[in-house]
Amino acid sequence: MNSTDPGAAEAGRAAYYERLQPHHLAPLWTRLKSLVPLQPPPLLAAHHWRYGDIRPLVLESAGQISAKEAERRVLILENPALAGQSQITTSLYAGLQLIMPGEVAPAHRHTQSALRFVVEGHGAYTAVDGEKTIMAPGDFVITPSWTWHHHGHEADGPMVWLDGLDIPMLAFFNAGFRQDHEHDEAAITRPAGDSLARYGSGLMPVGHRHGTLNSPVFNYPYERTREALFALARAGAPDAHHGHLMRYVNPVDGGWAMPTMATMVRLLPAGFATQAYRSSDAMVFIGVEGRGTIALGDTRFDLAPHDVVVVPGWVPYTLHAADDWVLFGYSDRVAQEKLGFFREQRL
Ligand code: GTQ
């Protein structure tokens with residue numbers, strides 16, 4: 001059917017495409033370049049949530065609903081380019097969870113994994129798989145897939161933490177399962193601090209056999225993290241693109257602490273500015289202490305402690321520390337690495 005009239009050829013194709021539709025067929029050649037793009041298209045917005053602006057709204061939620069009724073009293077941080085989709089990136093979720101003294105967020109489990117990064121308050125605990133851990137600001141806490149967990153608060157004042165979950169990733173696979181516990185609080189079977197003593201002190205029980213998908217350490221206390229970061233800064237120069245960047249590690253196999261979410265923390269000494277860097281994982285950052293700037297193109301985000309910023313993947317960014325600046329971050333890098341397509345570029 002080699003028509004020499006381009007108009008007739010076009011009409012012939014259009015008619016052909018229409019005849020494909022009832023058979024649920026589609027021509028690849030009209031879509032190939034968007035299906036297999038030269039580089040990731042800009043699906044995400046870069047965005048800055050100032051904790052000072054949103055904190056009153058987070059605290060106000062306590063007057064709107066109890067932790068028990070809400071099950072999890074959380075304000076979701078939605079990427080402005082993905083409004084209504086409960087996503088901060090195409091693969092990850094973020095939210096700020098509030099618990100008040102005397103409350104319990106009831107026990108459940110789900111196939112989605114969660115990380116907690118503690119923002120403010122003291123004395124609240126999370127219980128994971130039979131062990132409680134009291135949380136303090138800057139602590140990084142893991143809730144592995146399909147482990148029973150509940151949260152409670154037996155001290156004073158509001159407690160807020162950042163929740164990071166792989167909810168969109170599980171939704172992509174359509175592999176989400178949940179189960180509610182018959183009691184608000186799941187049984188506590190081990191003393192607080194047990195995991196850290198067994199696995200988080202450079203020691204491990206001899207003969208220990210453990211699946212290595214998640215670290216057996218489920219609270220990485222900020223006290224220790226901070227000590228390590230500042231010791232590194234005293235010992236040598238920061239990496240030109242990253243500063244003193246560390247990842248949370250699974251002590252069993254040396255891999256990332258969690259299978260779907262990569263978690264990292266860095267210290268940038270006061271005045272230090274990084275060279276531009278980009279990677280194929282979108283990053284969620286939260287300021288821990290000190291102030292600094294994240295710059296992407298013409299956009300500059302001046303971060304105060306507890307501010308959250310999302311940086312889309314493959315967009316070059318620089319970091320500039322005003323003070324000694326500690327920054328926590330998480331992304332889907334670990335999943336991209338395992339699946340073999342993670343990319344990064346130092347510019
Ligand atoms: O703490 O279990 O932000 O199940 C979203 C879903 C927190 C949790 C969230 C959850 C949780």
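Counting convention: from 1, in listed order, for ligands and their atoms alike.
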* Asked: Parallel, tilted or perpendicular: which describes the rings of His149 and His151, with under 30° parallel and over 60° perpendicular?
  -> tilted

* Parallel, tilted or perpendicular: rings of Phe328 and Tyr330 (30°, 60°) -> tilted

* **atom 7 (C) of ligand 1 [closest protein heavy-atom partner, distance rounded to 0.1 Å]** => Asp163 OD2, 3.3 Å

* Asked: Which of the atoms in ligand 1, numbered in the order shown and given with their element, are less than 4.0 Å from a heavy-atom of Arg116?
  -> 1 (O), 2 (O), 7 (C), 8 (C)

* Would you mind checking which non-hydrogen protein atom is closest to atom 5 (C) of ligand 1, with the distance to 0.1 Å? => Tyr93 OH, 3.5 Å

* Could you list the atoms of ligand 1 found under 4.0 angstrom from a heavy atom of Leu165? => 3 (O), 5 (C), 6 (C), 9 (C)

* **Side chain proximity check, Pro316 to Tyr277, heavy atoms < 4.5 angstrom** => no

* Asked: Looking at Phe230, does the NZ or CZ of Arg226 lie under 6.0 angstrom from its six-membered ring centre and within 45 degrees of the ring axis?
  -> yes

* Mind checking whether His151 has a heavy atom under 4.0 Å from ligand 1? -> yes

* To do: Work out whether the distance between some heavy atom of His108 and some atom of ligand 1 is less than 4.0 Å.
  => yes

* Asked: Near Val74, which atoms of ligand 1 are under 4.0 Å from a heavy atom of that residue?
  -> 3 (O)

* Structure fact -> To the nearest 0.5 Å, atom CD of Gln345 lies from atom NE2 of His241 at 9.5 Å

* Assess the pair Phe272 and His320: is the distance between their ring centroids shorter than 6.0 Å? => no

* Closest approach of any protein heavy atom to atom 4 (O) of ligand 1, naming residue and atom -> His110 NE2, 2.9 Å

* Structure fact -> the protein heavy atom lying closest to atom 11 (C) of ligand 1 turns out to be Arg72 CG, 3.6 Å

* With a distance cut-off below 6.0 Å to the six-membered ring centre and an angular limit of 45° from the axis, does Arg247 pair with Trp256 as a cation-pi contact? -> yes

* Contact atoms of ligand 1, heavy-atom distance to Gln97 under 4.0 Å -> 1 (O), 7 (C)

